[in-house]
Amino acid sequence: MLLFLGLCAWQIKRGLDNREAQLQFAAESSWSSWSDGMDVEPFQRIEAGGRYRGDRQLLLENITLNTRQGFYVITPLEIRDDEPLLLVNRGWLLRESRRPDVSQLDLPDERVTVRGRVGRLPRAGLKMDNPVSLSDAWPRTAVFPDYRDVAAAIGHEVQPFVLLLDAAEDHGFVREWQPVKYGPERNFGYAVQWAAMALMLGGLLIWNYRRRGFEE
């Protein structure tokens, strides 16, 4: 019973967290001009100016969109030489072969201003030993790397968040950003199931004790 009630409470907490994430994502706000060291909130709308490092792009594998396999294209944005790079998720690219046509990833050399939401790298339940390809060629493929993995591969410190490129911005791919994969209703549904199982066990426990009392 305690285990089932604990699972029920855990699902309720996850549901509340997911609901809060949806509210934050839906909140309308103006674009904030971002600079190194500035505090940011999840899904905050920010804009930053810099130069894309097209020579150090990562293709995140195992990203599924509408049952199709593809990549997230992660491109560093260099704000200043002495600052960590800002990782920009330019969106989802269909995987038509093992490696996409490199010309699809081309970027302008001049300084640009990009807009998007504060996000994070996709995460997996298990950590791989070598999440980033050891190939010398760029772009490199990666499977659920963390920020330290990316920094080590690029050879430069990176910011502790990702800019999810806005759908209206140029030089991007498919961008259907969502705050959470599943809505809070799914978590609350699981919570009801765990609570029902706890109540059922509680009823059986009471019935068993009462039956034994009658027999004595």
Side-chain angles (χ1 to χ4, degrees), residues 21 34-65 69-95 98-109 111-166 169 171-181:
W34 177 84
S35 60
D36 183 39
M38 173 181 165
D39 291 332
V40 294
E41 298 292 333
F43 312 121
Q44 180 179 343
R45 297 171 184 263
I46 63 173
E47 62 180 13
R51 289 184 174 85
Y52 277 124
R53 290 290 306 271
D55 60 331
R56 288 294 183 270
Q57 300 189 78
L58 289 176
L59 303 175
L60 303 191
E61 297 189 282
N62 296 339
I63 306 298
T64 303
L65 180 65
Q69 286 289 326
F71 306 92
Y72 272 155
V73 180
I74 305 295
T75 306
L77 185 72
E78 184 177 77
I79 312 298
R80 293 177 52 184
D81 293 340
D82 58 346
E83 293 180 0
L85 300 173
L86 175 60
L87 302 178
V88 179
N89 187 337
R90 296 203 284 140
W92 182 87
L93 182 63
L94 177 65
R95 181 172 191 163
R98 179 163 183 79
R99 293 179 66 85
D101 183 358
V102 176
S103 64
Q104 294 179 278
L105 309 179
D106 286 346
L107 289 160
D109 293 330
R111 190 174 180 85
V112 296
T113 298
V114 296
R115 290 178 169 181
R117 291 178 179 267
V118 174
R120 58 176 175 79
L121 290 170
R123 293 179 291 189
L126 296 176
K127 174 69 175 175
M128 299 184 61
D129 292 334
N130 296 303
V132 180
S133 168
L134 301 179
S135 169
D136 293 331
W138 291 90
R140 293 186 185 178
T141 57
V143 180
F144 298 112
D146 59 26
Y147 297 99
R148 288 177 296 179
D149 299 324
V150 175
I154 294 175
H156 199 291
E157 189 179 356
V158 300
Q159 298 289 344
F161 68 93
V162 170
L163 180 69
L164 305 176
L165 190 65
D166 189 75
E169 292 291 293
H171 314 299
F173 305 99
V174 180
R175 285 154 283 174
E176 297 180 359
W177 309 124
Q178 296 294 330
V180 290
K181 188 173 183 179

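Both backbone and side-chain heavy atoms feed into the values below; hydrogens, waters and symmetry mates do not.
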Side-chain donor-acceptor contacts of residues 71-82 below 3.5 Å, not counting sequence neighbours, with atom names and distances?
residue, atom, partner, partner atom, Å
T75, OG1, Q57, OE1, 2.6
T75, OG1, R90, NE, 2.9

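Residue-environment remark: CZ (R148) stays at or below the threshold of 12 foreign heavy atoms within 6.0 Å. Other residues, nucleotides and ligands place no more than 12 heavy atoms under 6.0 Å from the CG atom of D109.
Here F161 pairs with W34 under the ring-ring contact (aromatic ring centres under 6.0 Å, His included) rule; sequence neighbours left out. Contacts of R120 classified as side chain to side chain contact (heavy atoms under 4.5 Å, CB included), with partners at least two apart in sequence or in another chain: R123, Y147. Considering only residues two or more places apart in sequence or on other chains, W92 meets the ring-ring contact (aromatic ring centres under 6.0 Å, His included) condition with none of them. Under the side-chain hydrogen bond (donor to acceptor under 3.5 Å, both in side chains) criterion, R115 pairs with E47, sequence neighbours left out. Partners of D36 according to the side-chain hydrogen bond (donor to acceptor under 3.5 Å, both in side chains) rule, which considers only residues two or more places apart in sequence or in another chain, are Q159.
Residues L93 and Q104 share a closest heavy-atom pair of CD1-NE2, 3.8 Å. Heavy-atom minimum distance, P84 versus H156: CA-CE1, 4.1 Å. R140 and V132 get closest at one heavy-atom pair: CD-CG1, 4.3 Å. When all heavy atoms of D149 and P131 are compared, the pair lying nearest together is OD2-CG, 3.2 Å. In plain terms, the two heavy atoms of L165 and G172 that are nearest each other are CD2-CA, 3.9 Å.
In this structure, CG on L105 lies 12.5 Å from CG on D55, to the nearest 0.5 angstrom. Once rounded to the nearest 0.5 Å, the distance linking CZ of R53 with CG of L87 reads 12.0 Å. To the nearest 0.5 angstrom, R117 atom CZ is 4.0 Å from R45 atom CZ. In this structure, CG in L58 is found 11.0 Å from CG in N89, a value given to the nearest 0.5 Å. Summarising the geometry, atom OG belonging to S35 is positioned 10.0 Å from atom CD1 belonging to I46; distances are rounded to the nearest 0.5 Å.
Although no hydrogens or angles enter the test, the distance criterion places no donor-acceptor pair under 3.5 Å between the side chain of W138 and the main chain of I154. A donor-acceptor distance shorter than 3.5 angstrom exists from the side chain of R175 to the backbone of D166, with no hydrogens or angles considered.
With a 4.5 Å cut-off on side-chain heavy atoms, L60 and L121 count as touching.
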Please step through side chain to side chain contact (heavy atoms under 4.5 Å, CB included) for the pair Q69 and T64, ending with a clear verdict. CA-CA 5 Å; Q69 286 289 326; T64 303; 2.9 Å; yes
